[in-house]
2 protein chains.
Amino acid sequence: MRILGSVPRSGAEARRRLQQAALELYRERGFDRTTTAEIAARAGLNERTFFRHFPDKREVLFDGESDLRAALTEAVAEAPDGLQPLDLILHAFRKVEHILEGNRPFAEPRLRVIAETPALRERDLAKAASMAEAVAEALRRRGVADRLAGLAAHTGWAAFHHAAQAWIDDSTQSLDAYLLQAFDDLRALSLTTPAADAAR
Amino acid sequence: MRILGSVPRSGAEARRRLQQAALELYRERGFDRTTTAEIAARAGLNERTFFRHFPDKREVLFDGESDLRAALTEAVAEAPDGLQPLDLILHAFRKVEHILEGNRPFAEPRLRVIAETPALRERDLAKAASMAEAVAEALRRRGVADRLAGLAAHTGWAAFHHAAQAWIDDSTQSLDAYLLQAFDDLRALSLTTPAADAAR
DNA sequence: GTCTATACTGAGATAGAC
DNA sequence: GTCTATCTCAGTATAGAC
């Protein structure tokens, strides 16, 4: 029986508490002025426990990565036939976008603190690159040419990031709407009228 | 009068020695197994001096950034009229590519150690993102639409990175040749035939 | 859960260029 | 003398080894 105030020993529960505590503290004092000991204390745990769950102070905000990766590669694999590479990617993003949209109370402050903290932004970019590689691999399995797959995945990710940022900053439309817009812009890139005259 | 073995007090000279020592040690033992004290020792300097020149252990390999940034934005500004955004970027990359090509003895081991060290790869991605932002700003000044500029810059950077990697890994052609190929691939992305049949 | 190496910081002392 | 690069000393916090 669980006594009031006691700390649950379930690993998953501890993880969640650590993530929540870290996000709160990073927002309150900033990432640099938050110690791992403080995070652990707020979660009612020992500092050492923090490092048993997360390899470092940044990783605590990048936990859902493998879920998102799995969802994305699966969405690419199951997309309908007959799509161009970029449309394949758009299809996949639209299919998993609900993961972010449905978890906005956590996703929004998370993206905010990442955007304003260089150390976290670095980690975010690394995760994005690794995720883009996974998408590229999924594209290759669908028959997209080797060199094109990597470029398409990274390009698609730039569009996704662009959309997610607008979703946080503007927040007048749904993430899905921003996604569609970003991929429209992407296609427009190769068709744009020369920039010549506008420059004067 | 300069006594044999004394360390020159010029700041620029010390910087160069620290960079050279760091690159050598990172390649010999790996980034993680190299201490800042060892780098300083090989450069004939004190550990504390290392941190006066570079804010952290990674940054020592990312010094030419501001030069490259200046060269790139200038190249975008001075590109001929009538180019599409992506062609503007390609023009700029081709104009500064000689900075890498001409410094291969340093650039090549540097890119190698970055590619194989996660911590350095993170920093590299962050620099790339920040550089892409600078290019985006330069594009806007040339009249490229606001939202398109960011996408074009990040997309162009993906192509550039792709080219630079091939230049290091394959090294059968010039960097310029890989650049042209990458941007061709990029344009092909929007025109590719559906991936449908190849998947079976 | 304990212990330790090391990245990094701050303040003040010293040494050389001018 | 000033100015700046470097060094010495004394720490703290992260992360890894045990």
Rounded to whole Å, how long is the line connecting atom CZ of B/F31 with atom C1' of C/dA7?
10 Å
Nearest-neighbour nucleotide for the B/N46 side chain, D/dT8, D/dT14, C/dA7 considered
D/dT8
In whole angstrom, give the distance that lies between atom CZ of A/R33 and atom P of D/dT12.
18 Å
Nearest whole Å is fine: how far is D/dG16 C1' from A/F54 CZ?
18 Å
Tell me which one of B/V135, B/L186, B/L83 satisfies side-chain contact (heavy atoms from CB on, under 4.5 Å) with B/I89.
B/V135
Which whole-number value in Å describes the distance from B/E59 CD to C/dC8 C1'?
14 Å
What's the CG-C1' distance between B/D32 and D/dA17, to the nearest Å?
15 Å
So, is B/H53 close to the D/dT6 phosphate, meaning a side-chain N or O under 4.0 Å from OP1 or OP2?
yes
Starting from C1' on C/dG10, measure out to CZ on B/R48 and report it in whole angstrom.
7 Å
Distance below 4.0 Å between A/T35 side-chain N/O and D/dA13 OP1 or OP2
no
What is the nucleic acid contact for B/T34, judged by heavy atoms within less than 4.0 Å: base, sugar-phosphate only, or nothing?
sugar-phosphate
Round to a whole Å and report the spacing from CZ of B/F51 to P of C/dA11.
17 Å
Would you mind telling me which of D/dT14, C/dA7, D/dT6 lies closest to the side-chain atoms of B/K57?
C/dA7
Touch check for A/D56, heavy atoms < 4.0 angstrom, all strands: base, sugar-phosphate only, or nothing?
sugar-phosphate
Is B/T36 close enough to C/dA7 that one of its side-chain N or O atoms is under 4.0 Å from OP1 or OP2 there?
yes
Would you kindly give the CZ-to-P distance between B/F50 and C/dT9, to the nearest whole Å?
11 Å
Cationic tip of A/R110 within the cone over A/F62's six-membered ring, i.e. under 6.0 Å and within 45° of the normal?
yes
What do you reckon, is CZ of B/R69 surrounded by more than 12 foreign heavy atoms closer than 6.0 Å?
yes
Verdict with reasoning, A/W157 to B/H154, per side-chain contact (heavy atoms from CB on, under 4.5 Å)
CA-CA 10 Å; A/W157 204 278; B/H154 283 276; over 6 Å; no
Once you measure the plane-to-plane angle for B/Y26 and B/F31, does it fall in the parallel (<30°), tilted (30-60°) or perpendicular (>60°) bin?
perpendicular
